[in-house]
*Asks:* 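Let me begin by handing over the structure; questions about it come next.
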Amino acid sequence: MSKVIIIGAGGVGTVVAHKCAQHPEVFSEIVIASRTKSKCDAVAKAIGAKNISTDSVDADSVEQLVALFRRHKPELVINVALPYQDLTIMDACLECGVNYLDTANYEPKDVAHFEYSWQWAYRERFEKAGLTAILGCGFDPGVSGVFTAYAAKHHFSEMETLDIVDCNAGDHGKAFATNFNPEINIREITQNGRYWSEGKWVVTEPLEFHRSLTYPNIGPRESYLLYHEELESLVQNFPTIKRARFWMTFGQEYLTHLRVIQNIGMARIDEVDYNGTKIVPLQFLKAVLPNPQDLGENYHGETSIGCRISGKDKNGKPLTYYIYNNCSHEAAYRETGMQAVSYTTGVPAMVGAMMFLTGKWNKAGVHNVEEFDPDPFLAELAINGLPWHEVLGGDLEMD
């Protein structure tokens, strides 16, 4: 029986709170905190559980975070705030002796660049404090890393290629909308691509490489090569991997809107002067785009995310392997009021927290999810709304 604080009351935070409330035997007390307390109150009211309370905090402020943690004395903080705030929350955790879990790695506000080095730099301090920090426990990053660890444990003696494939085949009926925070989403997509090949990183132009891939129960979708943070830790933790890539689907209408946004300067992350006021164009765009939290009601279709891996099986023979989950937008909305992109991030965050609090993922220091035992995590994932499937010996559609 443990107390947790969820920082963030957006789509993902809403799902995390719903799922934690379904397990009072693990999460005895749940506190939801964000800059706007009324948003937390609305989430708590929608869930209706007696063990949920709310609070307010500016997660950019270590001082406010420390005060929050000292008021509530949680065993674990589940960080589903903005990636810019990872380090302030980790600092506060160290000051107060609180364990930490997040779903996305740190990135600085003024540069569209993300890597784990900033958070890995906290390893020694968390080890010395006897605290656990679990990084990247959403779906990708998150389940994608656990899938890879499961493949290594049960099927491969040596993994050689890894392709993480992410398809959202849903339709929300909007001309243009992002499925999670628009600012983070557009920063991610518009930066250069990058993939691992023969011991080094290869940089590509944004969305330069694409191909049609076939997704279970969905069919063929055009998929684009992006850089994604879990590649950085996976190639370190599984050094036999010779090539690692990440692919995501985008429709042509989405890409057309994105191109226009870039061409007219609305994707800029530097300040501009507007009538004597400093504004960041991308932050203004975020304010006028549809809120990802409001997409769920009319969202139809499903997501499909998985890992396609090739290498040598336990007997040294060639093996291809595909492990994936499909998630329905409609089913996610019926359960939590949120669409499947929020659901597929929020459920793994709850399961990761459960793993820590029940002693299955408990190791002092700063760790990525693939460093833990994948079996208990995937067992809980399957019974908490995200069942997964395996295909051995199939065509990976990769070369």
Side-chain angles (χ1 to χ4, degrees), residues 1-35 37 39-57 59 64-82 85-86 88-104 126 129-138 142 336 338 342-343 345-364 366-367 369 372 376-377 380-381 384-385:
M1 301 282 280
S2 302
K3 186 174 189 175
V4 297
I5 290 182
I6 301 165
I7 300 182
V12 176
T14 299
V15 173
V16 174
H18 270 272
K19 301 305 285 191
C20 287
Q22 292 174 9
H23 293 278
E25 76 284 1
V26 176
F27 304 95
S28 56
E29 292 183 66
I30 302 162
V31 180
I32 310 170
S34 78
R35 194 185 303 265
K37 186 175 181 294
K39 290 175 65 177
C40 305
D41 294 337
V43 174
K45 182 179 179 181
I47 296 171
K50 293 181 179 178
N51 64 337
I52 298 180
S53 60
T54 65
D55 209 329
S56 62
V57 69
Q64 286 196 31
L65 288 161
V66 166
L68 176 77
F69 298 167
R70 286 181 174 157
R71 273 199 303 277
H72 295 284
K73 298 178 174 57
E75 188 167 343
L76 175 71
V77 168
I78 302 173
N79 170 18
V80 285
L82 294 171
Q85 298 162 330
D86 289 359
T88 55
I89 297 173
M90 292 178 79
D91 285 335
C93 283
L94 284 168
E95 189 166 336
C96 298
V98 178
N99 299 284
Y100 173 89
L101 179 146
D102 68 29
T103 62
F126 269 80
L131 297 172
T132 298
I134 300 171
L135 305 186
C137 198
T336 65
M338 295 294 128
S342 294
Y343 191 87
T345 305
V347 174
M350 180 282 292
V351 174
M354 177 186 286
M355 291 298 99
F356 171 76
L357 295 171
T358 56
K360 298 179 180 69
W361 282 16
N362 196 327
K363 185 163 50 175
V366 176
H367 303 283
V369 293
F372 299 97
F377 180 96
E380 285 294 339
L381 190 75
N384 278 281

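We're numbering straight along the sequence, starting at 1.
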*Asks:* What closest approach, in Å, do Pro376 and Lys360 show between heavy atoms, and which atom pair accounts for it?
*Replies:*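 Smallest heavy-atom distance, with atoms named: CB-CD, 3.6 Å.
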*Asks:* For Arg35, which residues count as a salt bridge (Lys or Arg N to Asp or Glu O under 4.0 Å) partner, sequence neighbours excluded?
*Replies:*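 Expected list: Asp58, Asp60.
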*Asks:* Considering residues at least two apart in sequence or located in another chain, which fulfil the ring pair (Phe, Tyr, Trp, His ring centres under 6.0 Å) criterion with His367?
*Replies:*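 Applying ring pair (Phe, Tyr, Trp, His ring centres under 6.0 Å) to His367 gives Phe372.
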*Asks:* Of all the heavy-atom pairs spanning Ala33 and Val57, show the shortest one and how long it is.
*Replies:*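 Taking every non-hydrogen atom into account, CB-CG1, 4.0 Å.
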*Asks:* Answer yes or no: is there a donor N or O on one side and an acceptor on the other, between the side chain of Thr132 and the main chain of Lys363, under 3.5 Å?
*Replies:*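 Yes, because the side chain of Thr132 sits within donor-acceptor range (under 3.5 Å) of the backbone of Lys363.
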*Asks:* Which pair of non-hydrogen atoms, one from Pro74 and one from Phe69, has the smallest distance, and what is that distance?
*Replies:*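 Result for this residue pair: CD-O, 3.5 Å.
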*Asks:* To the nearest 0.5 Å, how far apart are CD1 in Ile89 and CG in Asp102?
*Replies:*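 One gets 8.5 Å once the value is rounded to the nearest 0.5 Å.
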*Asks:* Taking side chain as C-beta onward, heavy atoms only, is Leu65 less than 4.5 Å from Val77?
*Replies:*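 They are not in side-chain contact.
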*Asks:* As an exercise, state the distance from OG1 of Thr88 to CE of Met90, rounded to the nearest 0.5 Å.
*Replies:*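 Separation between the atoms: 10.5 Å.
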*Asks:* Return yes if some donor-acceptor pair links the side-chain N/O of Asn79 with the main-chain N/O of Tyr100 below 3.5 Å, else return no.
*Replies:*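 Absent.
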*Asks:* side-chain contact (heavy atoms from CB on, under 4.5 Å) with Thr345: which residues, sequence neighbours excluded?
*Replies:*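 By the side-chain contact (heavy atoms from CB on, under 4.5 Å) rule, Thr345 matches Val12, Thr103.
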*Asks:* Quick one, Ser53 and Val31 - any side-chain contact, counting heavy atoms below 4.5 Å?
*Replies:*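 Sidechains of Val31 and Ser53: in contact.
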*Asks:* Do the side chains of Glu75 and Phe356 get nearer than 4.5 Å, heavy atoms only?
*Replies:*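 Heavy-atom side-chain distance check passes, below 4.5 Å.
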*Asks:* First locate atom CG of Leu357, then atom NE2 of His23, and finally report the distance between them rounded to the nearest 0.5 Å.
*Replies:*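 It is 12.0 Å, given to the nearest 0.5 Å.
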*Asks:* Check Ala21 against Pro24 and note the closest heavy-atom contact, atom names and distance.
*Replies:*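 The pair with the smallest heavy-atom distance is O-CD, 3.6 Å.
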*Asks:* With a 4.5 Å cut-off on side-chain heavy atoms, are Cys20 and Ile78 touching?
*Replies:*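 Contact flag for Ile78/Cys20 side chains = yes.
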*Asks:* Find the distance between CD1 (Ile7) and CD1 (Ile32) and round it off to the nearest 0.5 Å.
*Replies:*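 Spacing of CD1 (Ile7) from CD1 (Ile32) equals 12.0 Å.
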*Asks:* Evaluate the side-chain proximity of Met354 to Lys19: yes if any heavy-atom separation is below 4.5 Å, no if none is.
*Replies:*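 A side-chain contact is absent here, since even the closest heavy-atom pair is not under 4.5 Å.
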*Asks:* Any chance you could measure Ile47, atom CD1, to Thr336, atom OG1, to the nearest 0.5 Å?
*Replies:*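 Reported value, rounded in 0.5 Å steps: 9.0 Å.
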*Asks:* Ignoring hydrogens and geometry, is there a side-chain-to-backbone donor-acceptor pair from Lys3 to His72 under 3.5 Å?
*Replies:*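 Side chain of Lys3 to backbone of His72, a donor-acceptor pair under 3.5 Å: yes, one is there.
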*Asks:* Among all residues two or more places apart in sequence or in another chain, which pass the side chain to side chain donor-acceptor pair (under 3.5 Å) test with Lys37?
*Replies:*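 Per chain and number, Lys37 pairs via side chain to side chain donor-acceptor pair (under 3.5 Å) with Asp41, Thr54.
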*Asks:* At their closest point, which heavy atom of Val80 faces which heavy atom of Gly13, and how far apart are they?
*Replies:*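 Shortest heavy-atom contact: CG2-CA, 3.6 Å.
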*Asks:* State, with a plain yes or no, whether a side-chain heavy atom of Pro348 is found less than 4.5 Å away from one of Leu381.
*Replies:*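 A side-chain contact exists here, since the closest heavy-atom pair is under 4.5 Å.
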*Asks:* How many angstroms lie between CD1 in Ile134 and CG in Asn362, if you round to the nearest 0.5 Å?
*Replies:*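 One gets 8.0 Å once the value is rounded to the nearest 0.5 Å.
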*Asks:* What residues form a salt bridge (Lys or Arg N to Asp or Glu O under 4.0 Å) with Glu380, not counting sequence neighbours?
*Replies:*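 If we apply the salt bridge (Lys or Arg N to Asp or Glu O under 4.0 Å) test to Glu380, skipping adjacent residues, there are no hits.
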*Asks:* Test side-chain contact (heavy atoms from CB on, under 4.5 Å) on Glu29 and Lys73; report intermediate values, then the result.
*Replies:* CA-CA 11 Å; Glu29 292 183 66; Lys73 298 178 174 57; over 6 Å; no
*Asks:* Quick check: closest heavy atoms across Gly142 and Val369, and the distance to 0.1 Å?
*Replies:*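 Heavy atoms of Gly142 and Val369 come nearest at O-CG2, 3.3 Å.
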*Asks:* Could you list the residues that satisfy side chain to side chain donor-acceptor pair (under 3.5 Å) with Asn99, not counting sequence neighbours?
*Replies:*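 Expected list: none.
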